[in-house]
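These notes are about the structure you will find just below.
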Amino acid sequence: MSEKSKVIEGRTGPWEIVLGLEVHAQVASNAKLFSGAAVGFGAGPNEQVSLVDAAMPGMLPVINRHCVEQAVKTGLGLKAQINLKSHFDRKNYFYPDLPQGYQISQYKHPIVGEGEVIVEHDDGSTFTVRIERLHLEQDAGKSLHDQDPNATYVDLNRAGTALMEIVSMPDMRTSEEAAAYVKKLRTILVYLGTCDGDMEKGNLRADVNVSVCRPGDYEKFRETGSFSHLGTRCEIKNVNSYRYIQAAIEYEARRQVEILEDGGKIDQETRLFDPTKGETRSMRSKEEAHDYRYFPDPDLLPLDLDPAWVKRIEATLPELPDAKKARLQSQYGLTAYDAQVLITEQARADFYEAAVASGKEGGRDAKLTANWVTNDLAARLTAGGIEIENSPITPAAIAELVQLIEEGVISSKIAKDVFERMWASEGSALEIVDKQGLKQVSDTGELEAIIDKLIAENPGQAAQVAEKPQAIGWFVGQIMKATGGKANPGVINQMLKAKLGG
Ligand code: ADP
Ligand code: MG
């Protein structure tokens, strides 16, 4: 990620970016929010549509208890207020892929209130994004315009699927911060098991609100809480990748600055991001905005949660990313950076902990193990498109490799070769080292013979070492060459110093 600034230098002075996100996360659930129809990717068109989803006359919605539980769990994971009383409203608008003619959503009284998310910058520093609310609502279906030149088709499989809309305060100031926020949110949801976080399938997507203001205005907003200090926002709908989120913001902020610098004003509008052009374009302006005529859905009772039930859900929460990160740092002495890389995927952290605990004498070198998991192994897995849960190299196998390095049996350099062979299923680290004769030469007798021969044949180089201690490097290189890289560097350095001074 390149370093993006919150400041845009204009002709009339600097401008600052202000960003607030509405993230739609599909609830991980087998059935829809108000019907028993299946939820799942890859089914044929309209194979997962109940009479309720198709809005046949007389059909009535029935709330899916599991989806409510997932929303509560998410609220708890976001350290947010759980509203024991909430209710569903009808948001009225006509869409061909929403046969009810209204979306069932939560408006004035959402199930989850204020919370917060702590987000990491690339450099490891953190910032906090306040959460305004989280509410449950139904997704719409999908219109297919590319199946027939003269007709639009509709697939209602998604219609009625449960979404959590998570609304942030406008607390992000750069495109990177917005992407980092979505990343962190995704990590938390995946840890909780309340959303699978699959952005490619559209299971997590963001509406990005962008405005610009003059330096100092944002601070006034934070002091007073009054949005009037901020500029007019535009909302970019349904952006579903980190890269697009960033590109859309960069484009949109510049577009707004240009208008303002020319003395114009920003119309509050909904815009779409076109990834191929890298531009946003207007979808509808505020004047065209729907009058949704919200009212409580008379088909549904208000949600009335039992505090004891909420407590029981709370007891099922897993260790969350922030807590895991803090624990990895204190328990294993890892840097914030290493801990952050490990906790980004729950399974990666699990793999790491299993590897560290493996092998004899109370476990492996924590830092060294972290390096192997986050560098070599991660690179191989990414290149192969393999999830760490399915890694062909197990935690115990990595531990064995690390142990061989720790014990000085192989050098870190040789270990890279061993790792590649492990990846190619040539055997365990120990088997490969034995079979390939890769054991480090620490035998002083064998090394001494090589060193003595080198000194005898190169008296000039040997004499140099007394004046220039770095000249010892030349001997190290020669010995490595003679032993095929297997000489123990610690041992040869000691021996050379003893023989040559320096
Ligand atoms: P709507 O349904 O009209 O989009 P919401 O309250 O659901 O309204 O969401 C508004 C979103 O816009 C929130 O994420 C909020 O933080 C953000 N927002 C509000 N004002 C601004 C602003 N001036 N600049 C950037 N984002 C803003
Ligand atoms: Mg909105």
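Counting starts at 1 for both ligands and their atoms, in listed order. Because the structure is a prediction, the values reported are computed rather than measured.
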(Q) I want to check something: taking the side chain as every heavy atom from C-beta on, are Asn83 and Leu303 in contact at a cut-off of under 4.5 Å? (A) no
Q: Apply ring pair (Phe, Tyr, Trp, His ring centres under 6.0 Å) to Tyr181 and list each qualifying residue two or more places apart in sequence or on a separate chain.
A: none
Show the atoms of ligand 1 that are less than 4.0 angstrom away from any heavy atom in [X].
X: Met169; value: 16 (O)
X: Leu21; value: 14 (O)
X: Pro170; value: 16 (O), 26 (N), 27 (C)
X: Glu235; value: 4 (O)
X: Gly231; value: 23 (N)

Q: With rounding to the nearest 0.5 Å, note down the distance linking CZ in Arg173 to CD1 in Ile17.
A: 8.5 Å
Q. Which one holds for Val167 and ligand 1: side chain close, backbone close, both close, or neither close, with close meaning a heavy atom under 4.0 Å?
A. side chain
Q.
Pairs of nitrogen or oxygen atoms closer than 3.5 Å, one from Leu230 and one from ligand 1: do any exist?
A. no
Q) So is Thr232 polar-close to ligand 1, meaning N/O to N/O under 3.5 Å? A) no
**Q.** Tyr292 and Tyr107 aromatic centres sub-6.0 Å
**A.** no
Q: Check each of Glu261, Gln256, Glu9 against Trp15 using the side-chain hydrogen bond (donor to acceptor under 3.5 Å, both in side chains) test, and report the only one that passes.
A: Glu261
Q: State plainly whether the residues Arg158 and Asp97 are in salt-bridge range, i.e. N to O under 4.0 Å.
A: no
